[in-house]
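All values derive from a computational prediction rather than experimental measurement. The chains referred to below are lettered A, B, ... by the order of the sequence lines, with proteins before strands, and numbering in each begins at 1.
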Number of protein chains: 2
Amino acid sequence: MDVYRDLSDALTKHRVVSFLQHLKKHDLTLNQYSILSWIDQQGPALPVQLAEHLELKAASITYLVDALEQKGLVYRKPNPRDGRSHYVDHTEAGHALVLDKRNEGDDRIMSIFRAMDDEELDMLYVMMKLLRRKLFR
Amino acid sequence: MDVYRDLSDALTKHRVVSFLQHLKKHDLTLNQYSILSWIDQQGPALPVQLAEHLELKAASITYLVDALEQKGLVYRKPNPRDGRSHYVDHTEAGHALVLDKRNEGDDRIMSIFRAMDDEELDMLYVMMKLLRRKLFR
DNA sequence: TATTGTTATACTCTATAACTATA
DNA sequence: TATAGTTATAGAGTATAACAATA
């Protein structure tokens, strides 16, 4: 039990700290990054969708999109099916920033895995799948 | 590699979400909780120490300690060795709140572990220790 | 002089309310 | 009428600067 908590505390801290460093490096707030990441996965989004996903009010989305637009990471384009709204899409720079985050950290983790022997790797793979299933399904 | 990332993403999300729920339940901000938790582990702290630990300015510490004091979770007491400063210590209520967080979630995790057979538990224990050592030492 | 902590003030991010344009 | 989004404004939490008290 304590081993579980130690590991999950450490994993969590490691992940959170490296994520916050990434935000700082690119001078983004958490919600600014969330918008970029959401668009990167789901495609162009309407402000009303972003508001629901981020659990923020429409006025706050306007503020966030304005900031991302000024940084050149997103742009607004018309919604052909509804003249009241517009899609928010990412620019090349916006996409690159999210990709950069996705790949970041791989080197370190890969080198740790490479340093393990075959038996360790097999056990690890089995246990991770087991743990994941038990904990999150 | 993907199994690792899936597991660590899920663990991180699970931990972060349950932590934020705890903050909301007690109507605390992240930094208010950080002060309580730090005092609970390290004992009474000077504002200058809290400022360094939380990476905030002294004026912000004053603001946070004022808020915690109003909630009855901490109090200020004189520093006998330096008349300029004072120690911030937690009340019984402040200590109880941190303890509550430490124990929260155990029931769910324990029931998952109880549902595993001996062989699975042994493997899990060994792999968690191995992982923890490789990843964070 | 330097340091600790508080107070006054400004800035950032979010919410609420009023508004415009479109459905 | 109802909805999408913007603008104006207020509130929470942070930083900066000026200050008082002590080292």
Looking only at side-chain atoms of [X], point me to the closest of [options].
X	options	value
A/Asn31	C/dT14, C/dT7, D/dT6	C/dT14
A/Leu56	D/dA2, C/dT14, D/dA12	C/dT14
A/Val48	C/dC13, D/dT7, D/dA4	D/dA4

Spacing between [X] atom [atom1] and [N] atom [atom2], to the nearest angstrom:
X	N	atom1	atom2	result
A/Leu46	D/dG5	CG	C1'	11 Å
A/Ile61	D/dT7	CD1	C1'	16 Å
B/Gln70	D/dG13	CD	P	11 Å
B/Arg81	D/dT22	CZ	P	18 Å
B/Lys57	D/dT14	NZ	P	13 Å
B/Ile35	D/dT14	CD1	P	9 Å
B/Gln32	D/dG13	CD	P	6 Å
B/Leu30	D/dA12	CG	P	18 Å

Nearest heavy atoms of B/Tyr87 and B/Pro78, plus distance in Å: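 That would be CD1-O, 4.1 Å.
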Atom of A/Tyr75, atom of A/Glu69 and distance for their closest heavy-atom approach: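 Closest approach of A/Tyr75 to A/Glu69: CA-OE2, 4.0 Å.
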Donor-acceptor under 3.5 Å (B/Lys77 side chain, B/Pro44 main chain): no
Closest-nucleotide 5' rank along DNA chain D - winner of A/Asp66 and A/Arg84: A/Arg84
B/Glu92 atom CD, neighbour heavy-atom count above 12 within 6.0 Å: no
Atom CD of A/Glu119: over 12 foreign heavy atoms under 6.0 Å: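 Not more than 12 within 6.0 Å, no.
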Most 5' of A/Thr29 and A/Gly83 on DNA chain C, judged by nearest nucleotide: A/Thr29
Looking only at side-chain N and O atoms, does [X] come under 4.0 Å of OP1 or OP2 in [N]?
X	N	result
A/Arg76	D/dT6	yes
B/Thr62	C/dT6	yes
B/Ser60	D/dG13	no
A/Asn79	D/dA4	no

